[in-house]
**Student:** 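The structure's right below; bear with me while I get my questions together.
These numbers were taken from a predicted model, which means no experiment stands behind them.
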Amino acid sequence: VFNDAIAVVLTYSISNFSLKVDHHTFDETTVFSAIGHFIGILAGSFAIGAAFSIITALLTKFTRLYEFPLLETGLFFLLSWSAFLSAEACGLTGIVAVLFC
């Protein structure tokens, strides 16, 4: 589940580490920065997925989508895809957002 978020954080950490003047030092601030970045990406992706799941729940509760199964299926796919795209547009991981959607 966290594979995509870890890949994003590792890419970010490596790019930040390569921009330093002295490439041979690896201090604890870099480690804590990577951990904080990972928690931020995970929390943001969770928040976007949860927001889209609330929207989906409210739409299915207060409408009669069950009378139109094709429209209901299409709406589920569209909202899941929207959660993925919104997370990716914010620089987060879309896979984690869809898993929490």
Side-chain angles (χ1 to χ4, degrees):
V1 171
F2 303 119
N3 190 20
D4 192 46
I6 290 172
V8 170
V9 170
L10 281 178
T11 303
Y12 173 79
S13 298
I14 290 171
S15 67
N16 279 350
F17 184 68
S18 66
L19 293 177
K20 288 188 174 185
V21 176
D22 188 13
H23 297 293
H24 300 292
T25 60
F26 190 76
D27 53 353
E28 55 275 345
T29 59
T30 307
V31 174
F32 289 124
S33 172
I35 291 172
H37 194 75
F38 172 75
I39 291 171
I41 285 179
L42 192 65
S45 299
F46 171 77
I48 289 177
F52 275 95
S53 67
I54 290 171
I55 291 169
T56 304
L58 291 174
L59 278 175
T60 55
K61 182 175 182 172
F62 295 116
T63 61
R64 293 184 163 174
L65 281 176
Y66 60 88
E67 295 177 356
F68 307 100
L70 187 60
L71 179 63
E72 183 180 24
T73 305
L75 186 67
F76 283 138
F77 280 117
L78 183 65
L79 286 172
S80 297
W81 190 44
S82 297
F84 179 85
L85 289 179
S86 297
E88 290 290 330
C90 292
L92 305 171
T93 172
I95 294 172
V96 174
V98 170
L99 287 175
F100 287 110
C101 182

**Student:** Looking at CG of L65 and CG of L75, how far apart are the two atoms once the value is rounded to the nearest 0.5 Å?
**Tutor:**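 Going from CG on L65 over to CG on L75, the span is 6.0 Å.
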**Student:** Shortest non-hydrogen contact from L92 to G44?
**Tutor:**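 Smallest interatomic distance, heavy atoms only, reads CD1-C, 3.4 Å.
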**Student:** To the nearest 0.5 Å, how far apart are CZ in F68 and OG1 in T63?
**Tutor:**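 The CZ atom of F68 sits 10.0 Å away from the OG1 atom of T63.
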**Student:** Could you tell me the separation between the CZ atom of F46 and the CD1 atom of I39, rounded to the nearest 0.5 Å?
**Tutor:**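 The CD1 atom of I39 is 14.5 Å from CZ of F46, to the nearest 0.5 Å.
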**Student:** Could you work out the complete set of other residues in the hydrophobic cluster of F62, with links drawn between I, L, V, M, F, W and Y side chains under 4.5 Å apart?
**Tutor:**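 Other cluster members: I54, L58.
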**Student:** Working to the nearest 0.5 Å, report the span between CG of L59 and CZ of F52.
**Tutor:**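 Between L59 CG and F52 CZ, I get 11.0 Å after rounding to 0.5 Å.
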**Student:** Flag yes if F76 and F84 sit in one hydrophobic cluster, no otherwise; membership is Ile, Leu, Val, Met, Phe, Trp, Tyr, and two members link when side-chain heavy atoms are under 4.5 Å apart.
**Tutor:**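 Each belongs to a different hydrophobic cluster.
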**Student:** Can you give me the closest heavy-atom contact between S80 and V98, atom names plus distance?
**Tutor:**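 Scanning both residues completely, I find the closest heavy atoms to be O-CG2, 3.5 Å.
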**Student:** Do you know which two heavy atoms are closest between A83 and C101, and how far apart they sit?
**Tutor:**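 Heavy-atom minimum between the residues: CB-SG, 4.3 Å.
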**Student:** What distance do S82 atom OG and F77 atom CZ have between them, rounded to the nearest 0.5 Å?
**Tutor:**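 These two atoms lie 13.0 Å from each other.
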